[in-house]
Amino acid sequence: SLGVLPAVYAALLLPGAEEQRPLPALPFVGSSIALGYFGIAPYLVFRQPRTEVTQQSFGGLLARVLESRLYAAPLVAAAIALAARAIGSADDPA
């Protein structure tokens, strides 16, 4: 479960992060694997809001991979499996 949310953060933040200032997104998304939200929070606080988004700002191989269905399908499957496990273990006393 520790890798699902950072993978979702990567899919949401990295494709359009090339023009973000003053901080690059990749180190913060990477640190969220170990630190969770606390690793990505500084980036979310200090990044500059973008009012205009163009198709050219979402280029590159990384953007195509992170926005593909082949990347999204395992994330959805993992989220469903985690939810099913949480619901199934709710009746199990520890």
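We number each residue from 1, following the sequence as shown. Just so we're clear, the structure is a prediction, and the values are computed from it rather than from any experiment.
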Minimum heavy-atom distance between [X] and [Y], given as atom pair plus value:
| X | Y | answer |
| --- | --- | --- |
| Pro6 | Val29 | O-CG1, 4.0 Å |
| Leu70 | Pro74 | O-CD, 3.0 Å |
| Ala11 | Tyr71 | CB-CE2, 3.8 Å |
| Val4 | Leu75 | O-CD2, 4.1 Å |

Check your understanding: side-chain contact (heavy atoms from CB on, under 4.5 Å) with Leu23: which residues, sequence neighbours excluded?
Key -> Phe28, Tyr43, Phe46
Check your understanding: Excluding sequence neighbours, so at least two apart, what forms side-chain contact (heavy atoms from CB on, under 4.5 Å) with Leu44?
Key -> Leu13, Tyr37, Ile40, Arg47
Exercise for review: May I ask you to list the residues sharing a hydrophobic cluster with Ile80, side-chain cutoff 4.5 Å, ordered by chain and number?
Suggested key: Val76
